[in-house]
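So the structure is just underneath, and the comments pick up after that.
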Amino acid sequence: MITKKVADALRNQLKNELESSYLYLSMSAWAAGKGLKGFSNWFYVQAKEEMYHFFKFYHYLLDQGEKVELPAVAKPKSEFSSPLEAMRETLQHEQFITKSINELVDVALSEKDHATNAFLQWFISEQVEEEASVGEILDQLELIGENGNGIFMIDKELGQRTFVTPTDLAL
Ligand code: FEO
């Protein structure tokens, strides 16, 4: 059993995760339209990962006997000036998500809710990984600037990313 305060905070995170998925799918579509197949693939995998995050919150709320009502999702931005801009916005977005997860932990701790705190620890580690991997790509993009060959090479590399189907949820 969880308190209303914790449940409301977790329900709010459903929206954050859905909007994350939607944003990255929009970036994927934008990249595909620009012929950047690898970037498109990377954002597509990212969108799927965000849906997985959404489903983790969704099932946790249901497992705790809470009501789940799906939120309205805002229309994401669909135009970007360059892969660099898209990746900068990705990092900013992930920093926002990290902040939201930290705030969720604060709520869980203030309610002495150890189960929710334990549940959230996976997300704490995940955000460290997410920020690090996006930061690495961003560093490369900043290094090469407008260089077409460099973009081509990074695009090839990002095309290798695959979505690893999680085993803890039936998706
Ligand atoms: Fe669901 Fe990228 O954080």
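Whatever order the structure lists them in is the order used to number ligands and atoms, beginning at 1.
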In a table with atom names and distances, give each donor-acceptor pair under 3.5 Å that connects a side chain of residues 119-128 to protein atoms at least two apart or in another chain.
residue : atom : partner : partner atom : Å
Gln121  : NE2  : Asn117  : O            : 3.3
Gln121  : NE2  : Asn117  : OD1          : 2.9
Ser125  : OG   : Gln121  : O            : 3.4
Glu126  : OE2  : His53   : NE2          : 3.2
Gln127  : NE2  : Glu94   : O            : 3.3
Gln127  : NE2  : Glu94   : OE1          : 3.0
Gln127  : NE2  : Thr98   : OG1          : 3.1

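Take Phe54 and apply the side chain to side chain contact (heavy atoms under 4.5 Å, CB included) test, not counting sequence neighbours, and it matches Leu14, Glu17, Leu18, Met51, Tyr58, Leu70.
Around atom 1 (Fe) of ligand 1, the protein contributes the following N, O or S atoms under 2.8 Å, ordered by chain and number: Glu17 OE1, Glu50 OE1, His53 ND1.
When all heavy atoms of Ser110 and Lys5 are compared, the pair lying nearest together is OG-NZ, 4.0 Å.
Through direct or relayed side-chain contacts under 4.5 Å between Ile, Leu, Val, Met, Phe, Trp and Tyr, Met27 connects to Leu23, Tyr24, Trp30, Leu36, Phe39, Trp42, Phe43, Phe80, Leu84, Met87, Leu91, Val134, Ile137, Leu138, Leu141, Ile144, Ile151, Ile154, Leu158.
Remark: the backbone N or O of Ala72 is paired with a side-chain donor or acceptor of Lys15 at under 3.5 angstrom.
A salt bridge is defined here as a Lys NZ or Arg NE, NH1 or NH2 lying under 4.0 Å from an Asp or Glu carboxylate O, and Glu69 with Arg11 fails to meet this definition.
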